Amino acid sequence: MNSEPIISVRDLRKVYRVGEVDVHALRGVDLDVGQGEFLSVVGPSGSGKSTLFHILGGLTPPTSGSVRVAGHDLLNLSDSQRTELRRTTVGFVFQRYNLLPTLTARDNIEIARYIAHSNGRPRDPKFEDILKLLGIVGRLHHKPSALSGGEQQRVAIARAIVNHPAILLADEPTGNLDTENSRAVLGLLPRLNDETGQTILMITHNPEAAAFGHRTVTMRDGRVH
C-alpha cells in the first residue's frame with residue numbers, strides 16, 4: 001500500500017438541525033485509510049458510521065473539520081464538484097442493489113459509464129476478468145428479476161467499479177442477502193482488493209463481515225474508538 005493516505009479525516013464534525021435541536025452525528029472523527037487498504041467500519045445504529053459514509057462519498061457536506069479524499073478537499077467542494085467526485089472518484093455499493101428493473105445486468109453496468117461520460121470510449125479489457133471474478137459473465141443478458149439477490153449485488157459491485165474509482169464505499173453490502181450469498185459477496189471483496197488494488201471502505205454492523213477487511217475500526221456516539 002502507498003504510504004500516503006487516500007482518505008484523511010481530522011476532527012470531522014457533522015451537525016444536523018432537527019426542529020429546534022442540534023443533532024451531533026459526528027463529534028470529531030480522526031481517520032486515515034491507506035491506498036489499497038480494505039477497511040471495515042463497524043458500529044451500532046446511530047454510531048455515525050452512515051454519516052461518515054455519506055460525507056466521504058460526497059453525498060452530504062461536513063459541518064467542520066478536514067476531509068481529503070483522493071486529493072479532494074471535501075469541506076470546500078461545491079455541489080457540482082461533489083457530483084463530479086461521485087462520478088469519477090468514488091464507487092458505491094448499497095444494501096439495496098438499486099438496479100434498474102427494465103435493463104439487463106450488462107446495461108445496468110453500462111449506465112454507470114454513461115453517467116461518467118466514458119461510454120464512448122472502449123471499456124478496459126481487464127474488466128472482463130473482473131466480471132469473471134464476480135461470476136456474472138453468463139448472467140449479463142438477464143434483467144434483475146431473473147437474478148438471485150447475490151447475483152444482483154455482484155452486478156451492483158461491477159457497476160460501482162466499472163469506471164475504476166479510486167475508492168469503493170460499501171454500505172451494509174450483505175444486509176439483504178442470506179448467509180450463503182453473504183459469504184460469497186464478502187469473499188469477493190478481498191479478492192477484488194488483492195487482484196485490482198481497489199481501496200475499499202465497508203460500513204457494517206456485523207463483526208463477522210468486518211473481519212473480511214484488513215483492519216477494523218469501531219464507531220460509537222459519533223466518534224472512532
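Quick caveat: nothing in here was measured; it's all calculated off a predicted structure.
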(message) A side-chain contact here means heavy atoms from C-beta on lying under 4.5 Å apart; do N108 and P144 qualify?
(response) yes
(message) Within a 6.0 Å radius of atom CD on E195, are there more than 12 heavy atoms belonging to other residues, nucleotides or ligands?
(response) yes
(message) Assess whether a salt bridge exists between E151 and R154, defined as any Lys/Arg side-chain N lying under 4.0 Å from an Asp/Glu carboxylate O.
(response) no
(message) Atom CZ of residue position R10 - does it have more than 12 heavy atoms of other residues, nucleotides or ligands inside 6.0 Å?
(response) yes
(request) Check whether any side-chain heavy atom of K143 lies under 4.5 Å from a side-chain heavy atom of L103, and answer yes or no. (result) no
(request) Could you tell me whether the side chain of L26 reaches within less than 4.5 Å of the side chain of I55, counting heavy atoms only? (result) yes
(message) So V41 and M202, do their side chains get closer than 4.5 Å, heavy atoms only?
(response) no
(message) I'd like to check Y97 versus L177 (side-chain heavy atoms, cut-off strictly below 4.5 Å). Are they in contact?
(response) yes
(request) Taking all heavy atoms of A70 and all of T89, pick out the closest pair and write down the distance. (result) CB-CG2, 3.6 Å
(message) Less than 4.5 Å apart, side chain to side chain, heavy atoms only: is that true for E172 and K49?
(response) yes
(message) Applying a strict under-4.5 Å side-chain criterion to I, L, V, M, F, W and Y, I'd like to know whether V93 and I203 cluster together.
(response) no
(request) Verify whether one side chain among N193 and Q198 offers a donor that lies under 3.5 Å from an acceptor in the other. (result) no
(message) If you define the side chain from C-beta out and look only at heavy atoms, does anything of V33 sit under 4.5 Å from P5?
(response) no
(message) If the condition is side-chain hydrogen bond (donor to acceptor under 3.5 Å, both in side chains), which residues does S78 pass it with, not counting sequence neighbours?
(response) S80, Q81
(message) Please check: side-chain N/O of D22 versus main-chain N/O of R17, any donor-acceptor pairing under 3.5 Å?
(response) no
(request) May I ask you to establish whether K14 and Y16 are in a cation-pi arrangement, using a distance under 6.0 Å from NZ or CZ to the six-membered ring centre and at most 45° from the ring axis? (result) yes
(request) Would you check if the side chain of H205 reaches a backbone N or O of S45 as a donor-acceptor pair within less than 3.5 Å? (result) no
(request) State whether D194 and R191 are salt-bridged, where the test is any N-O pair (Lys NZ or Arg NE/NH1/NH2 against Asp/Glu carboxylate O) under 4.0 Å. (result) no
(request) Please indicate whether R183 has more than 12 foreign heavy atoms, meaning atoms of other residues, nucleotides or ligands, lying under 6.0 Å from its CZ. (result) no
(message) Donor-acceptor check, side chain of Q153 to backbone of P173, threshold 3.5 angstrom: yes or no?
(response) yes
(request) Could you tell me whether the side chain of R139 and the main chain of A146 form a donor-acceptor pair under 3.5 Å? (result) yes
(message) Under a 3.5 Å distance rule, please check whether N181 uses its side chain to pair with a backbone N or O of G149 as donor and acceptor.
(response) no
